[in-house]
2 protein chains.
Amino acid sequence: MTSSRSYHHGDLRRTLLAAAVEAIAESGPAALSLRDLARRAGVSHAAPAHHFGDKAGLLTALAVQGFDGLGEALRAAGDDFRESGVAYVVFAVRHRAHFEVMFRPDLYRADDPELVAARERTGELLRGGVSRHTGREPDADALAAWSIAHGFAELWLAGALPSRVGADPEPAARAVVGRLFS
Amino acid sequence: MTSSRSYHHGDLRRTLLAAAVEAIAESGPAALSLRDLARRAGVSHAAPAHHFGDKAGLLTALAVQGFDGLGEALRAAGDDFRESGVAYVVFAVRHRAHFEVMFRPDLYRADDPELVAARERTGELLRGGVSRHTGREPDADALAAWSIAHGFAELWLAGALPSRVGADPEPAARAVVGRLFS
DNA sequence: CACCCTAACTTGTCATTGACAAGATAGCAC
DNA sequence: GTGCTATCTTGTCAATGACAAGTTAGGGTG
């Protein structure tokens with residue numbers, strides 16, 4: 001309910017998170033301002049603090065949403081680790097704001113229990129997508145797969161990739177991830 | 001000279017950049033404050049603006065330093081693309097502050113001519129190392145190599161990797177990068 | 001239906017920050 | 001020595017995050 005007349009907004013928490021996604025997509029997480037979010041939602045400047053405590057609290061909630069969403073995307077991609085890698089990249093590009101927050105723990109409360117749980121759930125999915133070398137060192141195969149997908153996504157979001165890579169992340173990601181173990 | 005009595009600092013630009021590296025290493029680029037840097041350098045709160053214009057200007061200078069430093073590290077690593085990948089990761093970890101700024105173009109002026117030049121120089125090095133190894137068109141191979149090194153570095157810096165990976169990035173990076181084209 | 005009790009939101013305030021303007025100082029060319 | 005100019009200072013303003021204290025609404029209880 002976005003009814004704008006009532007004293008009680010009714011769905012402010014969700015509204016603020018959506019506004020944050022929009023604002024971050026426009027100007028990056030560094031430029032995010034709680035007061036700007038309040039203005040976008042049509043509430044007073046101190047309203048966000050009630051729901052999230054402070055800025056880090058809001059970004060923590062965003063990161064939780066992000067890890068959950070990434071987990072869903074990975075589950076939908078199936079078992080093949082190549083498809084998982086592509087899905088990882090596609091998620092990062094389509095949910096840029098979430099992704100840009102998720103891996104910047106200096107922006108939020110990385111030890112928040114809810115966040116730790118969400119991150120752990122999704123981390124399990126990531127590792128499961130690649131065959132494991134049990135017992136031995138940390139699974140370098142899984143790390144390599146995660147790294148190549150994560151790196152391509154970060155480079156894409158940073159605008160560091162040459163323009164000839166194109167505008168659609170999916171085929172580009174498929175080509176890059178395919179280089180692994182081949 | 002860091003003589004603290006004279007009106008003219010003498011080497012303020014370099015001093016401020018060093019202070020910025022220190023501050024970012026402590027609390028991340030988001031928490032960086034020009035006034036804090038001025039305090040660390042023992043000058044007035046407006047002194048940084050003279051040398052860098054604004055915060056983005058300072059971070060642009062930091063990014064230029066970073067791309068130059070990365071280029072040097074890559075050159076020192078030699079021709080083997082695997083060693084280049086390891087050097088990339090080691091640079092990111094040892095020069096965390098520079099690296100964390102370099103790939104966040106929303107923090108600085110990405111179209112600054114000096115920065116564009118430095119980024120282009122280093123980008124050339126990155127692509128060259130891989131095409132020499134595979135003989136193929138550099139596109140996807142180079143992207144894959146860059147992605148895997150970059151991704152591992154980012155995950156390391158974000159603290160996202162499981163603790164069993166260890167504390168020394170070099171052997172871990174070697175294991176991961178070795179998964180490429182094999 | 002009346003009460004109240006608590007979550008949701010507001011207004012008000014303060015220290016900090018980035019940015020800008022205007023002034024002071026010192027090193028350097030001549 | 002004189003003036004020029006880069007360097008640095010002081011002063012100020014709007015915006016922000018955080019906190020304190022007050023206001024409103026809406027649901028449970030009697």
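The chains referred to below are lettered A, B, ... by the order of the sequence lines, with proteins before strands, and numbering in each begins at 1.
In this structure, B/Leu157 CG and B/Phe103 CZ are separated by 11.0 Å, a value rounded to the nearest 0.5 Å. Interatomic distance, B/Leu115 CG to B/Glu120 CD, rounded to the nearest 0.5 Å: 11.0 Å. The distance from the CH2 atom of A/Trp146 to the CG atom of A/Asp139 is 12.0 Å, given to the nearest 0.5 Å.
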Atom pairs, protein N/O to nucleotides 3-5 of chain D N/O, distance under 3.5 Å:
none

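Note on B/Arg75 versus B/Glu124: no salt bridge recorded, every NZ/NE/NH1/NH2 to OD/OE distance being 4.0 Å or above.
In the hydrophobic clustering, B/Val86 connects to B/Val90, either directly or through intervening members, whenever side-chain heavy atoms lie under 4.5 Å apart.
Atom CG of B/Leu37 is separated from atom C1' of C/dT17 by 12 Å (rounded to the nearest Å). Following rounding to the nearest Å, A/Arg13 (CZ) and C/dC9 (P) show an atom-to-atom distance of 12 Å. Atom NE2 of B/His51 is separated from atom C1' of D/dT9 by 12 Å (rounded to the nearest Å).
Annotation: B/Phe99 is in aromatic contact with B/Tyr88 [ring centroid separation under 6.0 Å].
In this model, the phosphate group of D/dT7 is approached by a side-chain N or O of B/His50 to a distance below 4.0 Å at OP1 or OP2.
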Next on the checklist: Does A/Asp54 form a salt bridge (charged side-chain N to carboxylate O under 4.0 Å, His left out) with A/Arg109? I'd like the steps, not just the answer.
Outcome noted: CA-CA 11 Å; A/Asp54 56 4; A/Arg109 272 187 274 283; 2.8 Å; yes
Checklist entry - Nucleotide by nucleotide, 5' to 3', does protein get under 4.0 Å of the base (B), only the sugar-phosphate (S), or neither (-) in nucleotides 12-20 of chain D, counting heavy atoms? => result B---BBBB-
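A donor-acceptor pair under 3.5 Å is absent between the side-chain atoms of B/Arg127 and the main chain of B/Ala142, judged by distance alone.
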